[in-house]
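Both ligands and their constituent atoms are indexed starting at 1 by order of listing. The first residue in the sequence is number 1, and the count goes up from there.
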Amino acid sequence: MTQRVLITGANRGIGLAFCHHYLAQGAEVIACCRQPEQAEALLALAESHPHTLSLVGLDLAKPEQLSALCAFVQDQPLDLLISNAGVYGPKGIALGDYQAAPFDEIMQVNVLAPLLLVQALQPHLAPGAKVALLSSKMGSMTDNGSGGAYFYRASKAAVNAIGRSLAVDLAPQQVAVALLHPGWVKTEMGGAHALIDTDTSVQGMSQVIAELNLERSGQFYNYDGQTIGW
Ligand code: NDP
């Protein structure tokens, strides 16, 4: 049966690479992004995959848009939900220069939005479905030897907590959840000095997702399949 996959932040970076990957596998992909009409790479991809790729507008800072997404998904259940969209916030701020903004925005997109997204789509997850939440090693306490990046680190540590609870709460529905670190990836967020390209990252993470089951649910995985300490 054709797999049905939903991906957020699908218009560029890692999300776009996920779209390419699952379309190449023959899956039906629901690609969510803020402005589908301006998502050039996705629109081009839709031309070559007219029956398997759908573009849906979703601004994760606007939870009221989730009901339209659920209406689009309707009663054809999802096999895989990838919460990928994320923001880093301003780079290079040192302790002493922090202000309140944009803490709320970062927490909204990186933490609250994944929770509300999974909650809204829970009735639309097939038994045996999988949920992948893009986290970051920067959210790991164990790994934090360099400090800084307070807002981003806090947001990814918080989404790890969200993912762990989702793993517990969705297990009775036979849905497994993984927190994924994509590696340091060459995207707008990762920058040009990053170590790996999006294809390498997505190849690795899709393997982790393929091997995900209820026993492996609720863990934090590097893109190469190694577990990461909280
Ligand atoms: P990019 O900055 O390249 O892309 C971010 C994506 O998130 C874009 O599609 C962007 O859409 C979307 N997005 C941001 N805010 C919103 C919003 N309010 N509503 C909807 N979509 C939004 O990031 P990456 O592809 O590199 O990152 C993907 C994920 O991987 C993120 O969660 C990130 O934290 C994580 N990650 C990335 C690493 C890296 O090295 N690249 C390392 C560790 C984790 P738009 O074009 O509209 O802005």
Side-chain angles (χ1 to χ4, degrees), residues 6-21 29-43 45 55-66 68-69 81-91 102-118 120 131-140 143-144 146 149-160 162-163 178-206 208-209 220-224 226 228:
L6 187 144
I7 302 165
T8 66
N11 56 310
R12 59 187 170 96
I14 294 167
L16 181 62
F18 267 126
C19 290
H20 278 277
H21 176 85
V29 172
I30 301 170
C32 302
C33 60
R34 282 196 266 211
Q35 291 173 302
E37 63 290 346
Q38 290 175 22
E40 285 173 21
L42 275 180
L43 290 169
L45 200 53
L55 276 61
V56 178
L58 179 64
D59 185 334
L60 290 161
K62 297 178 179 161
E64 65 275 14
Q65 294 184 353
L66 286 170
L69 177 65
L81 166 53
I82 302 180
S83 170
N84 161 77
V87 286
Y88 190 92
K91 291 187 176 171
F103 183 76
D104 287 352
E105 184 204 331
I106 294 171
M107 295 303 273
Q108 169 92 40
V109 175
N110 291 2
V111 185
L112 182 58
L115 169 61
L116 296 182
L117 177 77
V118 177
V131 172
L133 305 180
L134 270 282
S135 178
S136 168
K137 206 150 89 170
M138 290 186 74
S140 164
D143 188 69
N144 186 356
S146 54
Y150 288 83
F151 292 174
Y152 186 72
R153 284 190 192 279
S155 75
K156 293 301 188 178
V159 81
N160 284 351
I162 299 266
L179 284 316
L180 299 178
H181 171 60
W184 185 17
V185 191
K186 291 186 174 93
T187 62
E188 209 167 303
M189 186 186 293
H193 299 298
L195 298 176
I196 58 173
D197 60 24
T198 54
D199 285 349
T200 306
S201 172
V202 163
Q203 201 63 44
M205 287 192 287
S206 61
V208 177
I209 292 168
F220 186 14
Y221 294 103
N222 193 20
Y223 76 99
D224 65 3
Q226 298 291 312
I228 299 173

Next item on the list: Keeping the roles fixed (side chain from K91, backbone from A149), state whether a donor-acceptor pair exists under 3.5 Å.
Entry: no
Next item on the list: Would you check ligand 1 and list the protein residues that come within less than 4.0 Å of it by any heavy atom, ordered by chain and number?
Entry: G9, N11, R12, G13, I14, R34, L58, D59, L60, A61, N84, A85, G86, V87, V109, L134, S135, S136, Y152, K156, H181, P182, G183, W184, V185, T187, E188, M189, G190
Next item on the list: Return yes if some donor-acceptor pair links the side-chain N/O of H181 with the main-chain N/O of K137 below 3.5 Å, else return no.
Entry: yes
Next item on the list: Any side chain to side chain donor-acceptor pair (under 3.5 Å) involving residues 103-113? Give me the pairs, sequence neighbours left out, ordered by first then second residue.
Entry: N110-S155
Next item on the list: Would you check if the side chain of S201 reaches a backbone N or O of P182 as a donor-acceptor pair within less than 3.5 Å?
Entry: yes
Notebook entry, point to check: Tell me the salt bridge (charged side-chain N to carboxylate O under 4.0 Å, His left out) pairs involving residues 181-195, sequence neighbours left out?
Noted result: R12-E188
Margin query: Test of understanding: with salt bridge (Lys or Arg N to Asp or Glu O under 4.0 Å), list the residues that count as partners of E37, not counting sequence neighbours.
Written below: none
